[in-house]
Amino acid sequence: MATETTSRARRLPQLPLVLAGSVGLAVSVTALAVWAGGGAAVEIPGIPDAGALTAWGLPVARTLADAAAVATVGALLLVVVLLPGGKKLSPAQLRYLNWAAAAAGLWAAAAVAALVFTLSDLFAQPVGEIVSPAVVADFVATDAQGRSYALMAGAAGVIATLCVGIGTARWARLALVLAPAGMLPPAFTGHSSAAGNHDAAVTSLALHLVGVAVWVGGLVFVLIVAARREEQAADAVRRFSPLAAWARIAGCPVRSRPHRPVSHRSCPVRSPARPRKPGEPRAPSASCRCHRTRTATDAAPVFPACAA
């Protein structure tokens, strides 16, 4: 039975080919999106530009960082939760732990590349002209984006180092805890952190990131285990089913309540309305500010006194 399973696994595409093909597909799709969206547009005279390397390299580095982070979480989830084992990791767990280390190494390299390209993009200067150890260190120390990418790269590097030399489930659990935590720093520096209700926005985004990573990463590696005809494939699928449901719920975006039209009659600051001619549409008075547009992400009306 074991010989038959081994022969079937050898006939299937090896895991390195699967991961390499996935990385190549992600890079190709990103490059196509950059080209189709005009991200690598022609330089305009008189306007500073970071150059073609930054224009193409920044979205590719971000895509690789996101894909590698999801792969790291999925591989560690497979090792720690989905595959049965004891205090010592089984040969199957150690095999997938090595691929978690490879994914974490790619994650760290992509995060460093994203840090460098972000610095070049913010200052609109080519990478070769602006990047130096002193400038990068100052960018990390003074800018929130720099710190977020540095923390991400550091967490990925620690995970890659841990996965290479560990053989017990305790250290694998620690790596699994660090992997989602390493994805969170950008959530504290994006648009959600600057919103008026930033606490709820950042928490929602963090849950979304972790949920998507667990759901997508776990599903990918469950499919790989099933495709390779691993003996523990049935156990992995059974354990992943309830976990996928909770991850899917956490990964769902939180929608704000829809905008409700405001009644101008209830506004206490409106001026007396003149008589309307037959067929003339109602218009807000000059002193009433209720007609100002309110975005769907606002938690409360801009002018509470004018609310219906």
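No experiment lies behind these values; they were computed from the predicted model shown. For reference, positions follow the sequence shown, starting with 1.
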Evaluate the side-chain proximity of [Y] to [X]: yes if any heavy-atom separation is below 4.5 Å, no if none is.
{"X": "Leu82", "Y": "Asp235", "result": "no"}
{"X": "Val70", "Y": "Val220", "result": "no"}
{"X": "Pro59", "Y": "Arg62", "result": "no"}
{"X": "Val140", "Y": "Leu115", "result": "yes"}
{"X": "Val79", "Y": "Leu94", "result": "no"}
{"X": "Arg239", "Y": "Pro84", "result": "yes"}
{"X": "Val210", "Y": "Leu184", "result": "yes"}
{"X": "Leu83", "Y": "Gln232", "result": "yes"}

If you take all heavy atoms of [X] and [Y], which pair is closest and at what distance?
{"X": "Ala100", "Y": "Cys163", "result": "CB-SG, 4.2 Å"}
{"X": "Ala68", "Y": "Ala103", "result": "CB-O, 3.5 Å"}
{"X": "Ala160", "Y": "Gly105", "result": "CB-N, 3.8 Å"}
{"X": "Ala61", "Y": "Phe117", "result": "CB-CD1, 4.2 Å"}
{"X": "Leu76", "Y": "Ala179", "result": "CD1-CB, 4.0 Å"}
{"X": "Trp107", "Y": "Ala65", "result": "CD1-O, 3.5 Å"}

Judged by atom type as modelled, is there a donor-acceptor pair below 3.5 Å linking the side chain of [X] to the main-chain atoms of [Y]?
{"X": "Arg147", "Y": "Ala141", "answer": "yes"}
{"X": "Arg173", "Y": "Val80", "answer": "no"}
{"X": "Ser120", "Y": "Gln125", "answer": "yes"}
{"X": "Thr72", "Y": "Ala104", "answer": "yes"}

Roughly how far, to the nearest 0.5 Å, is the [atom2] atom of [Y] from the [atom1] atom of [X]?
{"X": "Leu78", "Y": "Arg95", "atom1": "CG", "atom2": "CZ", "answer": "10.0 Å"}
{"X": "Phe240", "Y": "Leu223", "atom1": "CZ", "atom2": "CG", "answer": "8.5 Å"}
{"X": "Thr118", "Y": "Leu58", "atom1": "OG1", "atom2": "CG", "answer": "4.5 Å"}
{"X": "Ile224", "Y": "Tyr96", "atom1": "CD1", "atom2": "OH", "answer": "7.0 Å"}
{"X": "Thr161", "Y": "Ile166", "atom1": "OG1", "atom2": "CD1", "answer": "11.0 Å"}
{"X": "Leu77", "Y": "Leu243", "atom1": "CG", "atom2": "CG", "answer": "5.5 Å"}

Check whether [X] and [Y] end up in the same hydrophobic cluster, where Ile, Leu, Val, Met, Phe, Trp and Tyr are linked by side-chain heavy atoms less than 4.5 Å apart.
{"X": "Ile130", "Y": "Leu53", "value": "yes"}
{"X": "Val214", "Y": "Leu174", "value": "yes"}
{"X": "Val112", "Y": "Val158", "value": "no"}
{"X": "Val164", "Y": "Leu89", "value": "no"}
{"X": "Met183", "Y": "Leu219", "value": "yes"}

Quick one about Gln93 and Ser90 (side-chain donor to acceptor, distance below 3.5 Å, no hydrogens or angles considered), yes or no?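 The criterion, which ignores hydrogens and geometry beyond distance, is satisfied for Gln93 and Ser90.
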
Verify side chain to side chain contact (heavy atoms under 4.5 Å, CB included) between Leu162 and Leu178, making sure each step is shown before the conclusion. CA-CA 10 Å; Leu162 281 176; Leu178 288 177; 4.1 Å; yes

